[in-house]
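Heads up: the structure comes next, in structure tokens.
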Amino acid sequence: MVNVIDSVQKPLESSYLITIDSLEALNMPLTTMDQILSEKAGIFFKSTGPGLLSTPSIRGGDAGNTNVLWNGIPIRSSMLGTIDFTGIGGIGISQIEVSSGGSSNVFGSGGNGGTINFLSAPSFTRRVASLDLSLGSFNQIGLQTRVNVPFQFGKIPFALSLSNGAMRSKNEFDYSDISTEPYSRVLNSSGEYAQSNAAMSIAAQVSEKITLKFEIWNTRFIRSIPQSINVTKPPTSQNDTATRMQFQAFFQPTTRLKLKQTVHYEQNTNHYVDTNSNINNSNEFYVIQSLTNIDFNLSKNWLLESQISGQWTEASSNNYMGYQQRLSSEEMLKLNGRTFKGHVHIDAGTRILLLKGYSKLLPFGGIAYKPMLNRNLQFFISGGKTARIPTLNELYWSPGGNPQLAPETGYNGELGLRLGNDASRVSLAAFYGQYLDRIRWLPNGGIFSPINIAESEVYGLDVQARKTLVNGHHKLILTMNGSYTESFGRVSSDSNRYSTSYVPKFNGGVGVVYSIHALNVAYHHRYTSKRFITSDESAYMPQFDLADLRMNWRKKDGILGFGLAIQNIYNINYQSLPWRPMPGRSYVVSMHLRWNE
């Protein structure tokens, strides 16, 4: 049978990769995707507060330099060029892959920093039902349900997965008002939000050679947005809804040939109200995408992969001059295989980006070397040329849009190693990138406007490690992930070079998980260094340390389980972005029901 997950496009073997499996087993109640990726992948997120906008920064890139995919299909906003990770829950997601380096061109253009790929598929072998209820500080409440049922209709095996998650919070935490002296404690009384995620996935193994899959994923986020600490005006409000549908057909006519066709549709609406500025704005866009994957085994050791993709977008906004439409196409051809008796793996390919009035050839490749086939040690090097076209907002938003923006272009590369197996492993990669015409929003009179800065340079080191120790009923897991990043830019070729704003030099964490019988205890500590917040390094946000503690009790084959989580256990007063307070110590209690066959 064709395996649905295995049939998805994979990153280069010669690049750095972080994989997060089985989100349902993470035991992280009342958490959003930015919190999951921050802890499990060490990604820094620029967050304006709980329930508010949160976007990633990978390898010194802005949010628009991170490609975000669902089963290999881009799902970033066509208008903003990014996606709000606060609005994404873990429900319905089977696996997450975070890749970088030369792999960015495997999945599409625009991922100069990296790519986050959410993978989902129902299981043909597991019958599962679960219910999770969580209550937390600041009047938080969350409910998640999931059902996966394999069944047969006639002689055809089917699998159906239904997932739903909802979370609501009054968000009433107190913080230190640092806008005026003497400082005082103030209640965040206008930050209420409600979030919901619902997903349905059904797959059918029509024959030994054909598998079909259809999925729907709906997200909705309603929130009140409090003003920053130094502003005393009433809050604004926002209502976001996204509905995504995918149909995928997997066909393997011979042992040498694999075909996959994906058709994707998305409707995304955003309604924003700001009574202070008399703004009542509706933004909406539609996207239709097609992706064709063709894999052909040239021989036992060599595989030729190709992609043909197209995207049509129509967007409307009160801040646009009418509707804006965009039609683009991308093609990719990649050869990979093993040589020198299996010691060397080679990746080589190119992507072609086609847009009205613009085309770009983006070659990429890499080599992975395994000195000893019987040892889990591998060295790798990869790199490629990158490009990102301006978003619709960057071009047409009024006021501030800049129709004269040029696409970003650049090169990136990495050199690293992987060592170990599932029980004990470590991987690290040194990286370098140089980009021209990087797009940044900078002050222009009384508004912000995007411009192309002359150049940007980034280099650093990524590392992740895991060690598992087992002694009888005792199990101890030690984890570590982190990054060292130097990122610089020049507004013009003759201007001074300064650190890129909102990029921490050091970011990462360590974790300890201990389990015995039905008890599981996890501690995670993460550190973020200072971030400059101006383009001339004249101001910065201070460093902060955060720690979380989670305890869960559930027998191996039991139905009922309980959990307790303490977030920010040392009650640290911190901000991710200026004038945007974050909560102190908070608590979550949860109850879990599981039925498995």
Side-chain angles (χ1 to χ4, degrees), residues 11-12 15-18 33-34 37-38 41-47 54-69 74-77 80-85 96-118 351 353 362 364 366 382-391 394 407-416 428-441 450 452-453 455-464 481-489 499-508 528 531:
L12 301 182
S15 68
Y16 189 74
L17 175 67
I18 299 173
M33 188 55 65
D34 57 335
L37 288 171
S38 175
I43 298 175
F44 171 67
F45 280 83
K46 292 179 283 187
S47 173
S54 182
T55 57
S57 175
I58 300 177
R59 293 189 171 179
D62 294 320
N65 299 122
T66 300
N67 214 350
V68 184
L69 314 172
I75 58 171
R76 293 185 298 181
S77 167
L80 296 170
T82 184
I83 191 169
D84 184 0
F85 280 74
I96 303 175
E97 291 180 342
V98 182
S99 56
S100 51
S103 285
S104 60
N105 280 341
V106 173
F107 299 102
S109 61
N112 304 357
T115 297
I116 301 173
N117 193 8
F118 298 113
R351 175 168 291 275
L353 171 61
L362 306 173
F364 62 92
S382 69
K385 189 175 182 179
T386 67
R388 181 178 82 83
I389 58 177
T391 67
E394 289 169 338
E408 296 181 0
T409 58
Y411 299 88
N412 62 29
E414 62 183 3
L415 172 68
L428 58 89
F431 59 86
Y432 177 83
Q434 187 175 41
Y435 309 102
L436 301 177
D437 293 322
R438 184 169 174 179
I439 301 171
R440 305 225 75 197
W441 288 77
N452 291 112
I453 65 173
E455 64 178 7
S456 175
E457 183 182 29
V458 60
Y459 58 88
L461 181 72
D462 286 333
V463 62
Q464 58 174 319
N481 57 57
S483 62
Y484 161 70
T485 305
E486 294 279 7
S487 180
F488 303 96
S499 295
T500 308
S501 55
Y502 298 107
V503 176
K505 182 177 292 189
F506 298 99
N507 184 70
T528 300
R531 292 85 61 213

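- Rounding to the nearest 0.5 angstrom, the gap separating the OH atom in Tyr435 from the CG atom in Asn65 is 7.5 Å.
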* To do: Decide side-chain contact (heavy atoms from CB on, under 4.5 Å) for Ser54 and Asp84; before the verdict, give the C-alpha distance in whole Å, the side-chain angles of both, and the deciding distance to 0.1 Å.
  => CA-CA 6 Å; Ser54 182; Asp84 184 0; 4.2 Å; yes
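- Nearest heavy-atom pair across Gly113 and Ser100 is O-CB, 3.8 Å.
- The shortest non-hydrogen separation linking Arg388 to Gly110 is CB-CA, 3.9 Å.
- At least one donor-acceptor pair under 3.5 Å links the side chain of Gln464 to the backbone N or O of Leu17.
- Atom CD1 of residue Ile96 and atom CG of residue Leu37 lie 5.0 Å apart, to the nearest 0.5 angstrom.
- Heavy-atom neighbours of Lys505 NZ from other residues, nucleotides or ligands within 6.0 Å: at or below the threshold of 12.
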* Audit row: Asn481, Ile18, side-chain contact (heavy atoms from CB on, under 4.5 Å) steps and yes/no -> CA-CA 10 Å; Asn481 57 57; Ile18 299 173; 5.8 Å; no
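- Side-chain contact between Asn112 and Arg438 is absent, with no heavy atoms from C-beta onward closer than 4.5 Å.
- How far CG of Asp34 is from CD1 of Ile43: 10.5 Å, rounded to the nearest 0.5 Å.
- Put simply, the side chain of Ser103 gets close to the backbone of Leu12: a donor and an acceptor are under 3.5 Å apart.
- A distance of 9.0 Å separates CZ in Arg531 from CG in Asn507, rounded to the nearest 0.5 Å.
- With no hydrogens or angles considered, a side-chain donor-acceptor pair links Arg440 and Ser501 at under 3.5 Å.
- For the pair Ser38 (side chain) and Gly42 (backbone), a donor-acceptor distance under 3.5 Å is absent.
- Contact annotation: the side chain of Thr82 never approaches that of Thr66 to less than 4.5 Å [non-hydrogen atoms, C-beta and beyond].
- Phe45 pairs by the ring-ring contact (aromatic ring centres under 6.0 Å, His included) definition with Phe85, not counting sequence neighbours.
- Between the side chain of Glu408 and the backbone N or O of Ile439, at least one donor-acceptor pair lies under 3.5 Å.
- No side-chain heavy atom of Ser499 sits under 4.5 Å from any side-chain heavy atom of Ser487.
- Within the 4.5 Å cutoff, the side chain of Val68 has heavy atoms near those of the Phe118 side chain.
- With a 4.5 Å cut-off on side-chain heavy atoms, Phe431 and Thr485 count as touching.
- Proximity of Arg59 to Asn412: side-chain heavy atoms (C-beta onward) are nowhere separated by under 4.5 Å.
- Contact record, Phe364 with Arg351: CE2-N, 4.0 Å, taken as the closest heavy-atom pair.
- Between Ile83 and Ile75, the shortest heavy-atom contact is CD1-O, 3.8 Å.
- With contacts defined as side-chain heavy-atom distances shorter than 4.5 Å, the pair Leu69/Thr115 qualifies.
- From Tyr411, atom OH reaches atom CD of Gln434 across 9.5 Å, with rounding to the nearest 0.5 Å.
- A pairwise comparison of heavy atoms in Asp462 and Ser483 identifies OD1-CB, 3.1 Å as the closest pair.
- The line from OG of Ser15 to CG of Asn105 is 11.0 Å long, rounded to the nearest 0.5 Å.
- Side chain of Ser456 to main chain of Phe488: a donor-acceptor pair is present (N/O by atom type, distance under 3.5 Å, no hydrogens or angles).
- Residues Val503 and Val458 have side chains not in contact (no heavy-atom distance under 4.5 Å, counting atoms from C-beta outward).
- The shortest heavy-atom contact between Thr391 and Glu394 is N-OE1, 2.8 Å.
- A side-chain donor-acceptor contact under 3.5 Å links Glu414 to the backbone of Tyr16.
- Checked by atom type and distance alone, the side chain of Asn67 never pairs as donor or acceptor with a backbone atom of Pro74 at under 3.5 Å.
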